[in-house]
Every structure is written in structure tokens, then in C-alpha cells.
Number of protein chains: 2
Amino acid sequence: MSSRQPTLDEVAELAGVSRGTVSRVLNNHPHVSKKALEAVRAAIDELGYVPSAAARSLATQRRGAVVLAISSDDPALFANQFFAEVIAGVNAVIEESDLELLLVMAATERGRDRLTRILQSRGADGVMLLALRENDPLAKVAEGGGIPVVYGGRPLERAPQHYIDADNRGGAREAAEYLIASGRRAIATITGPQDMHVGVSRYLGFREALALAGLPAHRVVHADFSEAGGAAAMEQLLDEHPDLDAVFVASDAMAASALRVLRERGRRVPEDVAVVGFNDIVTAQHTHPALTTVRQPIEALGREMTRMLLRLINDEKPTPLILPTHLVIRESA
Amino acid sequence: MSSRQPTLDEVAELAGVSRGTVSRVLNNHPHVSKKALEAVRAAIDELGYVPSAAARSLATQRRGAVVLAISSDDPALFANQFFAEVIAGVNAVIEESDLELLLVMAATERGRDRLTRILQSRGADGVMLLALRENDPLAKVAEGGGIPVVYGGRPLERAPQHYIDADNRGGAREAAEYLIASGRRAIATITGPQDMHVGVSRYLGFREALALAGLPAHRVVHADFSEAGGAAAMEQLLDEHPDLDAVFVASDAMAASALRVLRERGRRVPEDVAVVGFNDIVTAQHTHPALTTVRQPIEALGREMTRMLLRLINDEKPTPLILPTHLVIRESA
DNA sequence: CGCTATGTTGGGAGCGCTAACAGTGCAGGT
DNA sequence: ACCTGCACTGTTAGCGCTCCCAACATAGCG
């Protein structure tokens, strides 16, 4: 291995042209003669030349990288399949561009500082933000960076200029409608945190469906998307509303726990109580009974976030996008 | 927001010192007078100065970033909780350093090219490689980059110089020993791919335990870690060895499917057939019955890979590390 | 008191690239 | 023949930082 990489000047010398011409070839500028172009290409091949990213970004003032920032105070969320899928989607688009992907998990104060540093030092050309809670400081950090920002899932307080979201409300409505259509009347729900837009939307969709059917929607326990929270909520629901015959649970992780609690409490699923979850994580296929749930296109979310960011970087003006969800019917409802 | 970031020269001017001195302060060099140091710090605060990453790496010839490269031809693997956990571990260590994390998923040919480019353009100071199959071209790409390389899970063909691995063999042995200790005698196994080190090691540990107990180890079907593969393997096992009273399955994803097949085939778990999986993914807690499995410290794997890489970058000479695994007993065995 | 070790500083020379500018040669129009 | 316009090319400044060297104090030593 050569310890030193060849530079543009060496390519220029070997090709018998000036640095400027080599640079033009590298950046596909017009007005390069065929002869020069070929000579430069040959020289590049011969030397195995690869331009220095650092030098280029110093000269152009852009970085050739975007950051995917994930905010969470809950480490369990990281170990979540959700992020893995989003990342896969992001990567799929990134792979087609010639940008690099910087991953920043800003769980701690330190993490946020790091993100700030990266943004301020012009360390990226754009940011994608995931999983923001209300007034997440990350949002301010990102917006202060002076570079394009795309949100995945909109923050609660206000709709940001650029975001991609799943149709949480519609999905929840569909789930509840399905429960109603299959004859359930005492329908409960375990919601997500009400300080997250996704938690609120799913609750909203649920209530819409019940209201439309003239059904009461008072069987509600708010939880936090976690397994433990889901279990506790299910217990509470059973205590407060022993008559319930269906539960719409705002996340599969909580639904899986709810299933366990129902079994422990002697309720048969779906005979006594129907259960519908949300997200369609892989676990949903392996619960017993298999979980009926609302599928959201997580990978597509990642893909579309990235596409939107690339457009933004390219000075286009994309509009927010809501991705469709749909009900996956298995055994639990 | 100011559209232009302040530069080091402006800091120098405001502080009334030279560029060199500011640079010294920034990099914690000794031999800076207290007075100069304070003046510089004040100027930095006042201007909100953040050094330019690009300029710095051009000057220092290092990038301040490491890459985590994930190789897989199976997109499903991406959506795997495993990667999410590794990433969380990697991030935990990265967060303490002042490096950035570049994520490259090199699924396609294009992805590999990208990785090559990044490495050749000195786009990173080190690489971590995950999930390598036999003769994965990524390995050559990485080693050719002239920068430190750490493997997560060792490739089959040869032990690389620097790697972290889980004790797959020991974990498999422990699982089989547990099955034996609980009185099972007709023990089968569904293995992982035999062209991956992890697949081979788990099979090896299994055979060791059976040999030690004087039990035959001929009830074997090789599979590919996937759910579909696990189901097919379980069917085949049941067809070929209807007498089996226990199965050691080399991954939880396969084990979850095996559980379903067993139920469909009318075998009770664990009464008729005991099942032990491997990995302890979250799903393992939600299968019915809950899956007894071998837990490997995935997040620790990510952490230790990163620590090792940082040492390497720092010119230390770390030795390979094998992380312990342990059996988590639930209901299926 | 001269002389050396040591701490502290400023200034210059790059790092490898892009981009603006100023040519050069050559075609075509008058 | 002249001038204009165009395609192409070389040259020159930077981009914002680090690092080295020389310069200067200052202090300690004989």
C-alpha cells in the first residue's frame, strides 16, 4: 500500500495538463477537450487517484455529508427495530447519491453538544431529525445550523416546514373501525405519550372512529410506548373497565405486553378481548396469538426523508409528505 | 443566524494574539500563558467560534471520523435489532470521544464502491466491519485503506488481527448442556450458515456438549438464520427425526418460527420438545411459550469494537476480545 | 555577568482542492 | 485583412487550519 495518496497535481503532471483542467474533469465541467479529458482519465486510473474529501470541502464550503440525528432519552428506543428500518431506508437513498451518512444519537447532553458542533462547524449539508419530543432542544440546535432540516414524524408543538410522517391518525381510525365492524362495542385504548405527536394522532384517530359510530371512548389509559408501560396500562384498564371487549394499543411493544397480561388474567384473545397494535414490528408475527396491527412504511419513511433532504440541499422546495398506513389482520382481532 | 462562521483569524484578532496561539489553545498545547489562554477563550465565546472540521482535517491529515460498515446481501438483516443494538454500543463510546460516526451499509456493489472511496480519500481514521461472510470483498477493501480495521464477529477464513467476538461456542455448549441436564436425550439442532464463523462456532459448541455426554449428534439441519429457513428446517427435522425431544436453534428468529411449526405439528413446548434459541432478541420474550435462549452482549460488542478501534487509532496494540454469553431461562426449555 | 535552558510567541509555509480570471488559438463574419 | 466570439486552458488566489521555525523573554547556572 502506498502510504501517501496521489494528489491532483500529480495527476495534472502525468496527464500533461494544468490542475484546473483536472479539476474540471473531476467535476464534469463543460469545455474540456476530448483529448485532455482522456489524458486526465488515464492518469487518474494509473495513479489510483481519489480526491481528498477534506480539501474539496474546504474549498467548496460544503461537506458532502448529511446527518441523521436520533433523539431519545430512552436507551431502549435505540435497540428498536424502528430505527434500524429507518436507517435502512435512509441508506438506500444515500447509497445512490454521493453523500456520506453521519449518525448522531443525541441521547445525552454530550450528544446534543456533539450535534451542535457538527452543525456549527459546517460538518454537514443537511440534517434529518427523528423521534422528537415536545420542545426537544435538538430542534433548536438543528434549525440554528443554517442548513436544511427534515423531520421524521412531526414534533408536537408546530408543523415544521419540512417533514415526513406516517398517517398515524388514519391508521388508528382504520384499526378502531375494524374493531367496530367486527362487532366490538366496549373498546378501550392504550395510548402513547401525549407529548408526542404520534401519540396524540393515534389517540385522535381512535376517538374519531368511535365518535362516528356513536360509541363511548372513555376506556383510556395513557402509556409511554414501552413494554412495561403497556403491561401496567393493560392491568389498569382491566381493573377500571372489566367489561372491555377490545383494545387498540398504540404500539406493538405495548400490545405484546398487553397480550401477556390478558392471558395471565384469564381473558382469551380474540374471543373475549380483541387486540390491535400499531407499527407491525417483527415481534407482532410471533406473539401468541399473532398480532393484528397497523403497518406503517418505516423504511419508506427513511427513504422519503432522505429524498426530501436531498431536494432541499439542491435548493428545491418540497412539500410535507404523509405516508399511508394499513391494517394487517392476523389472529388477535 | 450569521451566514458566515467566524474563523480562527478573527478570534486571534479579537484576543490580540496570533493564529498560532489560538490554535495552541484549541488543541490544548502546553506553553500558553494564562493570560493568552483566557483572552482566547473569551474571544471564542464572544464570537461563538467553532473550528472548521474540513480545514482541520486538511491540515492534520486525519479525519476525525470512523466508519461502521455493515455488509449484507440480505436486506432483512438490516431491519434487525442486532444492528440497532450494535450501533447503540458504538455510539455510546463515540459519544465520549470527539469523533464522528460514518455509517456505510454496503449491501450493493455501489455500496462497496462508496466504502472504497471513503477509505481511499482518507475519509475516515478507522473502520469497523460487521457481519462478514466468507471472502467478503469488504474485508479486502477495508484492509487496503491503510487505516485500522476492527472486525465484529470474526470472518470464517482466518482470524483477523483485531476483532471482538461473542463466545458463540461456549454459549452453544451451555445451551446443550442445559438441555442434557434437564433430561433430554434426543437433541437436535438447527444451525446457522456454515460459511459464517458464528454459524460454525455454535454448531461446534453444540456437538462438544453432546459428545461430552456421550449423546449422538446426528439430528442436524443447516439453515440460514432467517425465519423462513428456521421453519423449513424445523419441518425437516420433525420429518427425519420424529423422536426428538429438544432442539437447539442457532438464532432466535429461527427459533420463533420453529416454535410455530412445533405448535402446528401438535408438539407441546416444553413438555414434548424443549427449545433453546440464541441471541435473546426482544421477540424472545413474547413468543409463546417465552423462549429460553443464549444472550450475547450485543451492545457491549459495539462498545468494545469502538474502544478497540480508538486504541488502534491511538497507536496502541489491543488484543482480540471474546465476550461472554449466558443462558436466559424462560419457558421453552 | 555572560551563557544556556526553558517558556512563550508570531509568522510563514503548506495541506489539496475549487473557482474566478485572463489569456490563447481558431473559427466565422464583414 | 480585421475584429468578434467561442472553446479551451493555465494561473492565481484563496478555503481555515496546523505545525515548524525563529525570535524573544526570562530565569537559572557557574
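In what follows, chains carry the letters A, B, and so on, assigned in the order in which the sequence lines appear, proteins first and then strands, with residues in each chain numbered from 1. Values below: all heavy atoms of this structure, side chains included; hydrogens, waters and symmetry mates excluded.
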Asker: What residues in residues 34-58 of chain A put a non-hydrogen atom under 4.0 Å from any atom of DNA chain D?
Answerer: A/A36, A/L58
Asker: For A/L58 versus B/A55, what's the shortest heavy-atom pair and its separation?
Answerer: CD1-CB, 3.6 Å
Asker: Without decimals, in angstroms, what is the distance between A/Q5 CD and C/dC15 P?
Answerer: 15 Å
Asker: Nearest-Å distance, CD (B/Q120) to C1' (C/dG16)?
Answerer: 16 Å
Asker: For a 4.5 angstrom cut-off between non-hydrogen side-chain atoms, does A/L102 reach A/L68?
Answerer: no
Asker: Would you kindly give the CG-to-P distance between B/N28 and D/dC19, to the nearest whole Å?
Answerer: 12 Å
Asker: More than 12 non-hydrogen atoms from neighbouring residues, nucleotides or ligands closer than 6.0 Å to CZ on A/R41, yes or no?
Answerer: no
Asker: Just the rounded figure in Å: distance from C1' of D/dG10 to NE2 of A/H29.
Answerer: 15 Å
Asker: Using every non-hydrogen atom in the two residues, find where A/L37 and A/V25 come nearest and quote the distance to one decimal.
Answerer: CA-CG2, 4.3 Å
Asker: So which protein N/O to nucleotides 12-14 of chain C N/O distances come out below 3.5 Å?
Answerer:
residue : atom : partner : partner atom : Å
C/dG12  : O6   : B/R19   : NH2          : 3.3
C/dA13  : N6   : B/R19   : NH2          : 3.0

Asker: Among C/dT18, D/dC19, D/dG10, which nucleotide has an atom closest to any side-chain atom of A/V17?
Answerer: D/dG10
Asker: Closest approach of A/G48 and A/Q5, non-hydrogen atoms and distance?
Answerer: O-OE1, 4.4 Å
Asker: Using whole Å, what does the distance between atom P of nucleotide D/dC21 and atom CZ of B/R24 come to?
Answerer: 13 Å
Asker: In whole angstrom, give the distance that lies between atom CD of A/Q61 and atom C1' of C/dT18.
Answerer: 11 Å
Asker: Would one find a side-chain N or O of A/S23 under 4.0 angstrom from OP1 or OP2 of C/dC17?
Answerer: no
Asker: Considering only residues two or more places apart or on different chains, which pairs with a residue in residues 42-67 of chain A satisfy side chain to side chain donor-acceptor pair (under 3.5 Å)?
Answerer: A/R63-B/E100
Asker: Choose from C/dT9, C/dA19, D/dC17 the nucleotide whose nearest atom is closest to any side-chain atom of A/R62.
Answerer: C/dA19
Asker: From NE2 of A/H31 over to C1' of C/dA22, roughly how many Å is that when rounded to an integer?
Answerer: 16 Å
Asker: So which heavy atom on A/P297 is nearest to which on A/P324, and how close?
Answerer: CD-O, 3.1 Å
Asker: Closest approach of A/D125 and A/G64, non-hydrogen atoms and distance?
Answerer: OD2-N, 2.6 Å
Asker: May I have the distance from A/D9 (atom CG) to C/dT18 (atom C1'), rounded to whole angstrom?
Answerer: 12 Å
Asker: Is it the case that atom CD in B/E13 sees more than 12 heavy atoms from other parts of the structure closer than 6.0 Å?
Answerer: no
